[in-house]
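Data block below; observations after.
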2 protein chains.
Amino acid sequence: MVVYCTLPADGLPEEEVDRIFRALADSTRRDILRRGLGSEASVSDIARDYDMSFAAVQKHVAVLEAAGLVVKRAQGRQRLVRTDPERLQRAQRVLDEYVALWRARVDRLDALLTEDD
Amino acid sequence: MVVYCTLPADGLPEEEVDRIFRALADSTRRDILRRGLGSEASVSDIARDYDMSFAAVQKHVAVLEAAGLVVKRAQGRQRLVRTDPERLQRAQRVLDEYVALWRARVDRLDALLTEDD
DNA sequence: CTAAACTACAACCGAATGGTTGTATATTGC
DNA sequence: GCAATATACAACCATTCGGTTGTAGTTTAG
């Protein structure tokens, strides 16, 4: 076995990247994320908007929190949920890296071809 | 239940976005993606580099293919795998949208605050 | 032609997911 | 103080996932 490219993206360990993309791979969670982008809402506020149990929504929020995409703040009996845009941009940067790598390789290929001319 | 934001991102249906992020949520698959960015490799070429069975790698490639992140081309008895950068950029654009939405909301909040001054 | 290589695919297994209900613990409102 | 609200968390269930082995179909090499 040869590990082909071990670069941990953005300084983020691979398991972190796993968790981030895994968290993004569910439409309910993406919806909660969008919702938490501008404002804070309690878990039950959020739960009220989805056709599933409170516990299910709570789990989705937990997945987002474990991925660092969302932070929870205690206020009395409720936990206010807010999206961390920094973390979203990290996910973006991982993809940026891939696209940049692709461009670099395409450019290198172009260079080789023009060199042959 | 109130669906909070049904915008299908980029014209992509939600299940497609699910599949893309799900496919990205595994380090082996991300590795295969990076590898397929500049060049083509057969499935067994790829499999040779990982410490798992051929069938396992084949499945990973299938997941990437189902997500549209990779295309396979038949050449004789082998299938050449190549990454589709277009698709990566789509995933990027989904995140772009979230970040843009966030900025818009922050700007709106700023506007309200300065208005109050 | 036959053997080897490349792929596809099914069946199986343990672990993780996405949902449920139920119970326990803080906090709040009256 | 007590009832209602908000959360946490465990237990359970069906399904999916990531891996395995095994079998079968093509294509290539000798």
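Residue numbering restarts at 1 for every chain, and letters A, B, ... go by the order of the sequence lines. What's counted below: heavy atoms across the whole structure, side chains too, no hydrogens, waters or symmetry copies. It should be emphasised that the depicted structure is a prediction, and the values quoted were computed from it without experimental measurement.
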Problem - Cluster overlap B:Val71 with B:Val43, hydrophobic side-chain contacts below 4.5 Å - result: no

Practice task
Indicate if A:Val17 and B:Leu24 have the same hydrophobic cluster label, given that clusters are the connected sets of ILVMFWY residues with side-chain heavy-atom separations under 4.5 angstrom.
Solution key: yes

Exercise for the section: Using a 4.0 Å cut-off on protein heavy atoms (strictly under), produce a 5'-to-3' string for nucleotides 13-20 of chain C with B for base contact, S for backbone-only sugar-phosphate contact, and - for none. Expected result: ----SSBB

Would [X] and [Y] pass as an ion pair if we require N to O under 4.0 Å?
{"X": "B:Arg79", "Y": "B:Glu40", "answer": "no"}
{"X": "B:Glu16", "Y": "B:Arg90", "answer": "no"}
{"X": "B:Asp26", "Y": "A:Arg22", "answer": "no"}

Problem - Candidates A:Glu14, A:Glu97, A:Glu15 - the one meeting salt bridge (charged side-chain N to carboxylate O under 4.0 Å, His left out) with B:Arg30 - result: A:Glu14

Practice task
Using whole Å, report how far CZ of A:Arg79 lies from P of C:dA26.
Solution key: 11 Å

Practice task
Take the protein atom CD of B:Gln58 and the nucleotide atom C1' of C:dA5, then report the distance between them rounded to whole Å.
Solution key: 13 Å

Handout entry: Along DNA chain D, first and last positions that approach a heavy atom of chain A under 4.0 Å
Key =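 Listing 5' to 3', DNA chain D meets chain A from D:dA4 to D:dA11.
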
Exercise for the section: Report the residue from A:Leu33, A:Val70, A:Leu12 that forms a side-chain contact (heavy atoms from CB on, under 4.5 Å) with A:Arg87. Expected result: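 For A:Arg87, the side-chain contact (heavy atoms from CB on, under 4.5 Å) check succeeds only for A:Leu12.
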
Problem - Test side-chain contact (heavy atoms from CB on, under 4.5 Å) applied to B:Val99 - qualifying residues, sequence neighbours left out - result: A:Leu88, A:Gln89, A:Gln92, B:Trp102, B:Arg103

